[in-house]
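Taking it in order: structure first as C-alpha cells, then the write-up.
Here is how names work: the chains are called A, B, and so on, in the same order as the sequence lines, proteins then strands, and each is numbered from 1. Below, each value reflects all heavy atoms present in this structure, side chains not excepted, and no hydrogens, waters or symmetry copies.
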2 protein chains.
Amino acid sequence: MNSEKKEKPKVELILETAGEIFAEQGFRKATVRNICKRSGVNLAAINYYFGNKEKLYQAVLKYHRSIALQKYPSDFGINESDSSRKKLSSFIQAFILRLLEEGKPSLFGKLFAREFTEPTGAFDILIEESIKPTFNLLSSFIKEILGNNYSVKKVELCAMSIFGQCLYFRNAKPIVLRILCKDGYSNENIKEISEHIINFSLKGLLNY
Amino acid sequence: MNSEKKEKPKVELILETAGEIFAEQGFRKATVRNICKRSGVNLAAINYYFGNKEKLYQAVLKYHRSIALQKYPSDFGINESDSSRKKLSSFIQAFILRLLEEGKPSLFGKLFAREFTEPTGAFDILIEESIKPTFNLLSSFIKEILGNNYSVKKVELCAMSIFGQCLYFRNAKPIVLRILCKDGYSNENIKEISEHIINFSLKGLLNY
DNA sequence: ATATAAATTAAACAACCGATTAAAACATCA
DNA sequence: TGATGTTTTAATCGGTTGTTTAATTTATAT
C-alpha cells in the first residue's frame, strides 16, 4: 500500500516546478540541478525527457500557456453585443485580473515578462501568437470608440497607453506596493486599479 | 612619443565598458572576462580595483547615475512659474526623452530597468533616491491639476497611469517597434509619443 | 640611483554548470 | 518465468565562472 497522494507523471511534475523556478529566477539563473532537486527527480531526468535545458524551457512555456488559456480565453470573455465602451471596460478588467491575480495561470505571464529583458528564441513566437492578437482585439474596441475620428497611428498609440498602464502594475509591482504601503494586491486593490484605468482611459479617448 | 589618444584612467574605462555590458546583458550574463577584454585590461583588474564583480556593479550604478544626473537634472528643468498643465507637459516630455533617447546617459536607465526583473542589493537605494523623488514631483503637478477634487489615492493612481504609459515605450520597445514597423525611435517618433501621452493624460485627469 | 609602493601580468584554483554515460531498477508482455 | 524495452540512478566529463596568487613591471619618492 502506498500512503502518498496519487502520483503525478514526472514530466508534468518537472514542467510545473520548472515553470515556478524559471518565473522566479529566469532562464539563466535557474539550474537544472535546482529544478530536479525541487521536483524530486534525478539530475538526468531533464535531459532524458526534454533533451536539454533550452528545450525544457520551451516546453514549459507551451505548457503554462495552455494552462493560462484554459482559465483566460483569448477573447477575454467579452460579449459581442455590448457597447464599445462596455467592451473596453471588460477588456481592461479581465486584462488586469490576468496580470495581477496570483496562482498557477499567472506563471505564464511572469515567464512572458522575462522574455523582454532576457529574450530567448521563443520571443518571436510569443509576439505573434499572444501579443499581436491581444493588441488587435484592444485596437478594435478603440477604433469603435473613436468612431470616424480615428487614424491608424492614433489607435496604436491609444492601445499602447492602455497596455502601458496595465502592465505597469505588474512590472513595477515592487514600487507600486511600496508606494501604496501594501504587501500584495488584494482583490479590492485589483478592483480599484482596473476601475481607475477604465475611467482614466475612457476620458483619454475623448475627442473634443 | 605616443600616438594614442589621451589615455583614460583604467578605473573609468572599466566603469564605462562594464556599464555597457551590464546594460546589454544583465549582471548575471555579463562576465568579468568579457568586461576586461573589452576594456583592454587584465583579468585581475576588476578584483584589484573594485574587490569583486558585485562591488563593480554597484560602482557602475553610482557612476552612471551621476552621469545621467548631469544631463538630466532631478527637477526636470521645469519652470516653477508655468501653469500646472504646462508643468505636467514638460515633465512628460522630458521623462520620455530620458527613456527613449540613445546615448551614454541612457545607460543608467537601462541598468535601472534591469533591477526590476533581476534585483540586486542596490534596488532599495534606487527606489528611495531616484524613483520616489520623481514620483513625488509628478504627483505635485497632478495634485495641482485635480485641484480640490483630489484624494491621495487618486493622485497616486493617476501618477502610475502616466509612469506606466511612459515606461511602456521603453520596456516594451521590441514590441512597439514591431507594431510601428520601425527599426528604432526617431526624434519625430519620440515627439509624437510624448505629445500623445500628454494629450491622453490631460484628458484622463479631467473630472466631469 | 635606489628603495619602496603601486600597478600589471600570466597562471592557476575551486566551485558550479549543462550534458553524458553505463549500469541498475523497473515495467510490460509473451 | 524470462525476455525486452523503458525508466531511474550515481558518477563523471568538459567547459565556464569568479576569484586568487605570486611574480614581474612600472611609477614614486627619498
Short side-chain N/O contact to C:dT8 OP1/OP2 from B:Y49, under 4.0 Å: yes
Kindly say if B:K10 contacts the phosphate of C:dT8, meaning a side-chain N or O under 4.0 Å from OP1 or OP2. yes
Judged by each residue's nearest nucleotide on DNA chain C, which is more toward the 5′ side, B:Y48 or A:R28? B:Y48
D:dT16 P sits how many Å from B:K29 NZ, rounded? 15 Å
Short side-chain donor-acceptor distance under 3.5 Å, B:Y185 and B:E101: no
Distance to the ring centre below 6.0 angstrom and angle to the axis at most 45 degrees; does that hold for A:R28 and A:F22? no
Check the distance between D:dT20's P and B:R33's CZ and give it to me in whole angstrom. 13 Å
Nearest whole angstrom, please: distance from the P of C:dT8 to the CD1 of B:I46. 13 Å
Between A:L43 (CG) and D:dC13 (P), how many Å, whole number? 15 Å
With a 6.0 Å cut-off on ring centres, are A:F163 and A:F95 close enough? yes
Would you kindly give the CG-to-P distance between A:N34 and C:dC16, to the nearest whole Å? 13 Å
May I ask you to verify if any side-chain N or O of B:N47 is less than 4.0 angstrom from the OP1 or OP2 atom of D:dG18? no
Among the candidates C:dC17, C:dT9, C:dA19, find the nucleotide nearest to the side-chain atoms of A:T31. C:dC17
Taking the side chain of B:N42 as its heavy atoms from C-beta onward, which of C:dT9, C:dA12, D:dT9 lies nearest to it? C:dT9
Rounded distance (Å) that lies between atom P of C:dT9 and atom NZ of B:K37: 15 Å
For A:N52 and C:dC17, what is the distance between atoms CG and C1' respectively, to the nearest whole Å? 14 Å
For B:Q58 and B:A122, indicate whether the former's side chain and the latter's backbone hold a donor-acceptor pair under 3.5 Å. no
When you get a sec, tell me which of D:dT20, C:dA19, D:dT19 is the closest nucleotide to the side chain of B:A44? D:dT20
Side-chain donor or acceptor of A:H196 paired with backbone N/O of B:K153 under 3.5 Å: no
